[in-house]
Amino acid sequence: PRRAPPVLVPAVRPRPVQSTVGAGDARFAAFLHFRGRHLDPVAALRRAVAFAGWKVGDPSGSGGFLTEEQVEGLCPD
């Protein structure tokens, strides 16, 4: 079967980076959340990258989390 070409989803930085603690976990969890909402993988990944980009702007590893609606506001497709 034919495969689609790879898609690059560039990182976003909606605010200055404070700490990268938990960024990968946040991105993965956000991807699973949005993919579970029946979004195509690229749309889910765009939202996950936006979520993680916002999260790293918080100095605390346990802070910087957004609601689904806030993520949608950062990532209009």
Undergrad: Would you say Arg37 has more than 12 foreign heavy atoms packed within less than 6.0 Å of its CZ?
TA: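 No.
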
Undergrad: Tell me whether Val49 is reachable from Val42 by hopping between hydrophobic residues (I, L, V, M, F, W, Y) whose side-chain heavy atoms are closer than 4.5 Å.
TA: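 In one cluster with Val42: Val49, yes.
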
Undergrad: What distance do Phe34 atom CZ and Cys75 atom SG have between them, rounded to the nearest 0.5 Å?
TA: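 Answer rounded to 0.5 Å: 8.5 Å.
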
Undergrad: Okay, side chain of Thr20, backbone of Ala23: is any donor-acceptor separation there less than 3.5 Å?
TA: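 Between the backbone of Ala23 and the side chain of Thr20 there is no qualifying donor-acceptor contact (under 3.5 Å).
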
Undergrad: If we only count heavy atoms from C-beta on, is the Ser19 to Asp58 side-chain gap below 4.5 Å?
TA: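 No, their side chains stay 4.5 Å or more apart.
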
Undergrad: Please check if Leu39 and Leu32 belong to a single hydrophobic cluster, counting links between Ile, Leu, Val, Met, Phe, Trp and Tyr side chain heavy atoms closer than 4.5 Å.
TA: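 No; Leu32 is not reachable from Leu39 via cluster members.
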
Undergrad: Could you pull out the closest heavy-atom pair between Ala30 and Ala48, with the gap in Å?
TA: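 Closest heavy-atom pair between Ala30 and Ala48: CB-CA, 3.7 Å.
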
Undergrad: Consider only side-chain heavy atoms of I, L, V, M, F, W and Y, link residues closer than 4.5 Å, and tell whether Phe31 and Val9 are in one cluster.
TA: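 Yes, it is one cluster - the side chains of Phe31 and Val9 are joined through contacts under 4.5 Å.
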
Undergrad: Tell me whether Lys55 contacts the main-chain N or O of Gly22 through its side chain, where contact means a donor paired with an acceptor under 3.5 Å.
TA: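 Not at all, since once roles are kept as given, no pair shorter than 3.5 Å links the two residues.
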
Undergrad: Closer than 3.5 angstrom, by distance alone: can the side chain of Arg46 be matched with the main-chain N or O of Ala50 as a donor-acceptor pair?
TA: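 Such a contact is absent between Arg46 side chain and Ala50 backbone.
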
Undergrad: Under 3.5 Å, is there a donor-acceptor pair between the side chain of Arg13 and the main chain of Gly53?
TA: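 Not at all, since once roles are kept as given, no pair shorter than 3.5 Å links the two residues.
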
Undergrad: For the hydrophobic clusters of this structure (ILVMFWY residues joined by side-chain heavy atoms under 4.5 Å, transitively), does one cluster hold both Phe28 and Val56?
TA: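 Per the 4.5 Å side-chain linkage, Phe28 and Val56 are not co-clustered.
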
Undergrad: When you group the ILVMFWY residues by side-chain heavy-atom contacts below 4.5 Å and let the links chain together, are Phe51 and Val7 in the same group?
TA: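 As far as the 4.5 Å side-chain criterion goes, Phe51 and Val7 are not connected within one cluster.
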
Undergrad: Just wondering, do Leu66 and Leu74 contact through their side chains at under 4.5 Å, heavy atoms?
TA: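 SC-SC contact between Leu74 and Leu66 confirmed.
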
